[in-house]
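Before any comments, here is the structure.
Letters A, B, ... are given to chains in the order of the sequence lines, protein chains preceding strands, and every chain is numbered from 1. Hydrogens, waters and symmetry mates are skipped; everything else that's a heavy atom, side chains included, is used.
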Amino acid sequence: MKIASWNVNSLRVRLDHLSDWLNDNQPDLMCLQELKMPDQDFPSEALLELGYHSVFTGQKTYNGVAILSKQPLDNVVTDMPDMDDPMRRYIAGDYPLASGQSMRIVNVYVPNGQALDSDKFIYKREWFSKLRAAMRETLQDNPNVVLVGDFNITPADIDVHDPKRWAGKIHCSDIERLMLQKLMSEGLFDTYRHFNTDGDHFSWWDYRGAGYRANEGLRIDLILSSSAMLNAATGSHIDEAPRKLERPSDHTPVVAEYSL
DNA sequence: ATGGTAGGGCACCTA
């Protein structure tokens with residue numbers, strides 16, 4: 001089984017890139033962030049023709065998350081538990097496994113936070129604390145959990161192209177890394193880092209400046225597996241191919257594979 | 001320290 005996560009930065013603009021990638025890679029689950037479209041515009045029919053069911057929660061202009069799946073999801077939730085948040089950043093569902101069991105897939109678009117002294121950073125901290133509480137419940141309900149998405153946090157300096165330049169800045173601060181560590185202490189593991197110990201591999205590059213050309217990136221898109229899922233994981237990689245296309249998203253897909 | 005580009009939507013906001 002293959003699970004992928006991709007911040008597409010406008011599904012309208014990136015639908016062709018997404019369609020090609022799905023055809024070439026055939027993930028069982030594809031989790032999307034930053035749809036930037038209302039639900040009535042979501043291209044369900046086009047994706048169904050490619051062999052994917054869709055669940056989604058969107059809004060005009062900003063945010064929006066979706067899960068595409070080869071088989072339909074059950075028990076879909078489109079709101080962060082215990083939080084009244086108009087921003088569409090959370091979607092989860094149960095996906096059937098060949099064993100007859102199910103796994104819980106959770107897809108998030110974590111708030112950017114803008115800067116540590118910003119009001120948006122207070123929102124990021126509150127949102128992340130709600131996510132941690134929600135994941136504790138999720139892990140109690142089902143040992144087979146995969147939490148994916150754009151976390152807008154680099155786990156460590158190895159995930160930063162220039163740690164000195166980014167030291168203490170948004171996405172790279174100690175407080176954010178501690179938030180992520182606390183979340184992972186509930187029983188979630190960085191699947192990419194489990195299989196890859198080398199640096200200079202990123203999932204996002206700024207459109208501005210040298211950006212992708214100079215590999216000035218961050219690894220902020222993560223696939224976090226519960227211990228049961230990590231035991232079944234066989235590999236994880238970042239696919240930079242879509243970032244090289246004309247008019248790319250600033251993020252590229254991250255993939256994990258499981259012997260399930 | 002600042003600004004650079006992109007998407008949405010049409011003045012800026014978010015990233």
Side-chain angles (χ1 to χ4, degrees), chain A residues 5-21 30-43 46 56-66 80 83 85-91 107-128 131 148-155 159-173 175-177 179-180 202-222 238 240-254:
Chain A
S5 177
W6 192 5
N7 179 325
V8 290
N9 186 21
S10 168
L11 182 53
R12 212 183 312 275
V13 172
R14 237 64 70 185
L15 185 57
D16 286 348
H17 289 186
L18 173 65
S19 301
D20 290 346
W21 199 89
M30 168 54 99
C31 298
L32 304 173
Q33 304 89 33
E34 284 208 87
L35 308 177
K36 295 187 172 180
M37 60 165 56
D39 286 347
Q40 61 264 30
D41 294 347
F42 191 91
F56 47 87
T57 181
Q59 65 186 90
K60 202 171 106 167
T61 311
Y62 302 118
N63 309 312
V65 287
M80 174 71 81
M83 186 175 192
D85 186 8
M87 300 204 195
R88 307 290 74 204
R89 299 180 176 276
Y90 176 100
I91 190 164
N107 175 27
V108 296
Y109 175 45
V110 174
N112 178 296
Q114 194 169 66
L116 297 196
D117 59 358
S118 163
D119 286 347
K120 294 191 178 70
F121 190 66
I122 296 169
Y123 168 60
K124 184 177 197 172
R125 292 180 66 172
E126 183 193 357
W127 200 93
F128 216 87
L131 177 62
V148 317
D150 177 358
F151 284 77
N152 272 312
I153 300 175
T154 54
D159 305 304
V160 181
H161 72 93
D162 184 347
K164 281 182 187 162
R165 183 169 126 193
W166 282 88
K169 295 209 163 24
I170 196 74
H171 311 309
C172 301
S173 67
I175 186 167
E176 290 168 282
R177 288 177 177 170
M179 285 157 49
L180 180 62
F202 310 118
S203 64
W204 170 88
W205 300 260
D206 204 317
Y207 285 124
R208 298 168 289 191
Y212 182 67
R213 188 162 35 83
N215 198 26
E216 293 180 353
L218 303 176
R219 193 174 69 90
I220 53 176
D221 299 273
L222 307 176
I238 299 169
E240 290 191 29
R243 191 64 177 78
K244 303 176 198 290
L245 299 172
E246 288 286 318
R247 234 186 147 186
S249 169
D250 46 353
H251 298 250
T252 210
V254 180

For the P atoms, the ones on dA6(B) and on dA1(B), what distance do you get once it is rounded to whole angstrom?
26 Å
Ignoring hydrogens and geometry, is there a side-chain-to-backbone donor-acceptor pair from Ser249(A) to Asn7(A) under 3.5 Å?
yes
Looking only at atom P, what distance separates dG3(B) and dG8(B), rounded to whole Å?
25 Å
Residues passing the side-chain contact (heavy atoms from CB on, under 4.5 Å) test with Arg125(A), sequence neighbours excluded, are Phe121(A), Ile175(A), Met179(A)
Quote, to the nearest angstrom, the P distance that separates dT2(B) from dG7(B).
27 Å
Using atom C1' of each nucleotide, how far apart are dG4(B) and dA15(B) to the nearest Å?
13 Å
If I pick the P atom on dT14(B) and the same atom on dG9(B), what distance separates them, to the nearest angstrom?
14 Å
Arg88(A) side chain to Val65(A) main-chain N or O, any donor-acceptor pair under 3.5 Å?
no
List the protein contact pattern of nucleotides 6-15 of chain B with one symbol per nucleotide (5' to 3'): B for base contact, S for sugar-phosphate-only contact, - for none; contact means a heavy-atom distance under 4.0 Å.
SSSS---BSB
Whether over 12 other heavy atoms sit under 6.0 Å from Arg165(A) CZ:
yes
Could you go step by step and tell me if Asp85(A) and Tyr123(A) meet the side-chain contact (heavy atoms from CB on, under 4.5 Å) rule?
CA-CA 10 Å; Asp85(A) 186 8; Tyr123(A) 168 60; 2.9 Å; yes
Enter the distance from Glu176(A):CD to Asn152(A):CG here, rounded to the nearest 0.5 Å.
8.0 Å
Take the protein atom CD of Glu216(A) and the nucleotide atom P of dG3(B), then report the distance between them rounded to whole Å.
18 Å
